[in-house]
Protein chains: 2
Amino acid sequence: MAVTIQQIADLAGVSRGTVDRALNNRGRIRPEVAERIKGIAKELGYQPNMAAKALSTANHALQIGVIIQYAETPFMKAVLEGTEFAKEEVERFGGHVFVECIHGGDVKKLLKTMKDFREAGVKGIALVPTDDELLKKTINEFVEKDRISIITINSDLEDTKRLCFIGQDSYASGRVAGGLMGEIIPGDGKVMILSGSQENVATMERTRGFLDELEHHYSRIKVLEPRYAYDDDWVAGKLLKEQLEETPDLAGIYITAQGESGVCDTLKKYRLEKKIKVIAHDYEGENRENLKKGIINFILRQNSYVQGYESVMELFHTLCGNPTRQGEFWHTDIVIKTRCNL
Amino acid sequence: MAVTIQQIADLAGVSRGTVDRALNNRGRIRPEVAERIKGIAKELGYQPNMAAKALSTANHALQIGVIIQYAETPFMKAVLEGTEFAKEEVERFGGHVFVECIHGGDVKKLLKTMKDFREAGVKGIALVPTDDELLKKTINEFVEKDRISIITINSDLEDTKRLCFIGQDSYASGRVAGGLMGEIIPGDGKVMILSGSQENVATMERTRGFLDELEHHYSRIKVLEPRYAYDDDWVAGKLLKEQLEETPDLAGIYITAQGESGVCDTLKKYRLEKKIKVIAHDYEGENRENLKKGIINFILRQNSYVQGYESVMELFHTLCGNPTRQGEFWHTDIVIKTRCNL
DNA sequence: CTGAAAGCGCTAACAC
DNA sequence: GTGTTAGCGCTTTCAG
């Protein structure tokens with residue numbers, strides 16, 4: 001049998017209520033008593049019973065909020081599937097999960113939703129952030145003043161008091177892309193990098209990883225100057241066309257951002273889809289089709305579903321007294337998809 | 001607020017106890033009353049509260065057993081890590097998880113442990129099975145007579161009453177291996193398949209998937225007759241040597257089973273480690289080193305950790321009244337590992 | 001066959 | 001500051 005607060009109370013010669021106050025830093029207790037109780041709990045290896053905790057607090061304290069920006073994108077839709085699944089699980093424990101979708105990036109709406117959640121008594125929030133000073137401040141305020149736990153999904157805000165970040169290691173995934181490219185194109189082939197914009201941290205990191213890997217292990221491959229398509233299919237197609245005119249013997253394309261369909265269409269038009277190797281990110285939407293058809297050779301998946309699922313479950317565990325399970329950074333697997341493991 | 005048995009009881013004009021008997025088929029209740037109660041529960045969309053269920057039954061009904069055969073192998077060690085993590089989570093809910101390791105394959109000991117678990121009051125068992133008639137019978141008996149839920153890990157016993165199977169789709173992973181090999185060796189290269197034994201279903205399925213993929217999409221690649229190393233490094237090395245004498249221009253090796261180190265050592269001896277591409281399974285033990293060094297080009301990972309973790313968590317959910325989350329087959333992701341995502 | 005009531009471990013409101 | 005107590009929703013005796 002696991003140790004209970006009653007046992008601690010008996011040993012300390014106090015009541016359950018006092019132990020509860022001590023162990024949960026609720027105040028209204030003499031510091032030296034609190035210390036003594038904590039000592040006994042530690043000695044006994046006390047672990048709170050999550051079922052009991054959930055049962056007794058579910059109706060007020062087990063409320064979790066999720067805020068997804070860019071909810072219209074295929075990628076975030078997969079995140080949402082994960083949160084929905086987690087929602088079901090949490091609600092089976094008597095908790096509540098509120099999911100708010102935001103179209104595109106809209107920090108104002110994000111902040112508004114955070115405040116609404118706080119009013120509603122939410123004790124943990126998982127959100128897809130954007131790099132914004134006011135948002136950072138608000139996060140810190142929520143954590144410190146309101147004791148609301150916050151998790152960043154997909155992109156991080158490192159210099160905040162958030163509980164943790166769940167997402168992919170962009171640099172590492174870029175390196176994986178580089179390693180794959182190195183293997184599948186000729187040793188002295190030419191490679192184009194088609195990126196999003198220089199403001200986007202994630203895609204810049206991917207690019208950096210890609211370059212590092214090729215430089216260190218496939219140094220004879222020639223990597224062309226990155227071009228930026230600003231996540232647009234049409235621009236991506238156009239940039240590729242221009243590149244092909246300059247570099248008719250192009251061997252591979254690494255797409256770090258959106259715009260994959262534009263690339264694939266252009267390749268098809270020029271009948272180059274079997275000749276030029278393509279590596280892209282995000283196993284969602286049209287990418288799946290293009291992978292199946294063999295136009296894209298590899299897709300590096302972010303495991304977005306897992307991000308959605310784990311962010312909610314991590315908050316759930318935290319609220320039930322189970323400390324963080326993975327540390328500050330929770331990097332999801334870099335899953336490589338080929339035509340064969342669709 | 002979620003619906004509770006009390007609400008159902010009120011509506012049906014009976015007591016909580018009666019509702020409990022009806023909803024959990026405990027008998028000692030008039031059939032027509034039971035039906036009526038079930039009807040009301042359904043209408044109301046009743047979902048039992050897992051926290052309450054866990055709290056009230058933890059000490060007798062939330063006992064889970066895990067039996068791992070071949071526990072000495074690196075692969076199963078990873079499975080064990082997953083079960084240990086799950087164990088902690090379950091025990092935080094007041095449950096109990098007993099883990100029994102078996103050295104090598106030992107059905108007698110497996111059966112003995114199952115019976116011990118049953119005596120101890122265990123209500124769910126996750127086990128790594130071997131294909132054995134008595135084991136199958138015992139599983140069915142446990143499920144039907146003792147109402148103990150059973151999950152098979154890693155390899156399946158399809159024609160039994162087990163709750164589900166958690167493991168990898170061997171055929172699919174073979175196909176992925178084929179697709180990768182097709183990309184990284186020359187279009188008309190020669191490939192060797194180094195397998196375990198013809199009795200091992202999983203490795204035969206991998207081989208079948210590998211062959212299918214190459215035949216359909218890389219038909220000019222020449223696949224040599226499979227050789228069987230019986231999971232032995234020395235034999236594997238020897239078979240490779242023989243193959244190299246017959247086929248000095250070998251371009252790739254697909255290893256479906258154990259014996260990878262033997263292959264890598266031989267390749268190093270002949271200074272062929274950069275020339276011949278190697279694809280293997282199981283990201284554990286020495287394979288990691290050999291992948292890092294570039295001797296192995298790709299490892300297809302089984303996600304053994306996940307298998308261990310999810311098997312226990314699935315039993316936990318089942319015992320807490322949450323129905324199966326994934327269906328009869330729960331195929332874990334086929335994770336491709338390269339030097340870059342170690 | 002059915003109802004009543006105790007209890008699982010923890011929290012929170014209320015006394016003192 | 002500290003103790004007491006009434007729940008949270010479900011299971012499980014024990015009466016009837």
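Per chain, numbering begins at 1; letters A, B, ... match sequence-line order.
In this structure, I37(B) places its CD1 atom 8 Å from P of dG3(C), rounding to the nearest Å. One can place CG of L55(B) at 12 Å from C1' of dT11(C), the figure rounded to the nearest angstrom. In this structure, N322(B) places its CG atom 14 Å from P of dC10(D), rounding to the nearest Å. Taking atom CD1 of I5(B) as the reference point, atom C1' of dG7(D) lies 15 Å away to the nearest angstrom. The CG atom of L319(A) sits 17 Å away from the P atom of dC10(C) (whole-angstrom rounding). For the pair L62(B) CG and dG7(C) P, the computed distance is 21 Å after rounding to whole Å. In this structure, CG of D20(A) is placed 17 Å from P of dT5(D), rounded to the nearest angstrom. Per the geometry, CD belonging to E91(B) stands 14 Å off P belonging to dG9(C), to the nearest Å.
Closest to the T57(A) side chain, of the nucleotides dC8(D), dT2(C), dT11(C), is dT11(C). Here the nucleotide nearest the side chain of V33(B), chosen from dG9(D), dT2(C), dG9(C), is dT2(C). Checked against dC10(C), dG9(D), dT12(D), the side chain of P48(A) finds its nearest nucleotide in dC10(C). Closest to the side chain of N24(B), out of dT11(C), dG3(D), dT11(D), is dT11(D). For R30(A), the side-chain atoms get nearest to dG1(D) when compared with the rest of dG1(D), dC8(D), dT2(C).
Contact annotation: side chain of R21(B) to base of dG3(C), donor-acceptor pair present below 3.5 Å. Applying the 3.5 Å distance criterion, the base of dT11(C) shares a donor-acceptor pair with the side chain of R16(A).
The phosphate of dG9(C) (OP1 or OP2) has no side-chain N or O of K53(A) nearer than 4.0 angstrom. One finds no side-chain N or O of S56(B) lying less than 4.0 angstrom from the OP1 or OP2 phosphate oxygen of dC10(D). For the pair T18(B) and dG3(C), the criterion of a side-chain N or O lying under 4.0 Å from OP1 or OP2 is met. Distances shorter than 4.0 Å separate none of the side-chain N or O atoms of T4(A) from OP1 or OP2 on dG9(C). Using a 4.0 Å cut-off, no side-chain N or O of H60(A) falls inside it from OP1 or OP2 of dT11(C). Applying the 4.0 Å criterion to OP1 and OP2 of dT12(D), one finds that R26(B) has a side-chain N or O inside that range.
Using five terminal pairs a side, the axes of the helix from dC1(C)-dG16(D) to dC16(C)-dG1(D) at its two ends make an angle of 50°, given in steps of 10 degrees.
Without hydrogens or angle criteria, N24(A) side chain to D20(A) main chain gives a donor-acceptor distance under 3.5 Å.
Residues E91(A) and K87(A) are paired through a salt bridge, judged by an N-O separation under 4.0 Å between the basic side chain and the carboxylate. We find that D131(B) and K136(B) are joined by a salt bridge, their nearest charged nitrogen and carboxylate oxygen being less than 4.0 Å apart. In summary, E89(A) and R92(A) do not engage in a salt bridge, as defined by a charged side-chain N under 4.0 Å from a carboxylate O.
Judged by distance alone, the side chains of N322(A) and K53(A) never bring a donor and an acceptor atom under 3.5 Å apart. For the residue pair Q307(A) and N303(A), no side-chain donor N or O sits within less than 3.5 Å of a side-chain acceptor on the partner.
Comparing A52(B) and A34(A) along DNA chain D, the residue whose closest nucleotide (by nearest heavy atom) sits nearer the 5' end is A34(A). Comparing G13(B) and N59(B) along DNA chain C, the residue whose closest nucleotide (by nearest heavy atom) sits nearer the 5' end is G13(B).
Close placement of the F93(A) and F93(B) rings is indicated, their centers lying within 6.0 Å of each other.
Side-chain atoms of V107(A) and L134(A), non-hydrogen and from C-beta on, never get closer than 4.5 Å to each other.
Within the nucleic acid shown, N49(B) comes within 4.0 Å of sugar-phosphate atoms alone, with no base atom in reach, counting heavy atoms only. Among the atoms of the strands shown, only primed sugar atoms or phosphate atoms (P, OP1, OP2) are found under 4.0 Å from some heavy atom of Y46(B).
Nearest heavy atom pair, residue F165(B) against residue S155(B), reads CE1-C, 3.5 Å.
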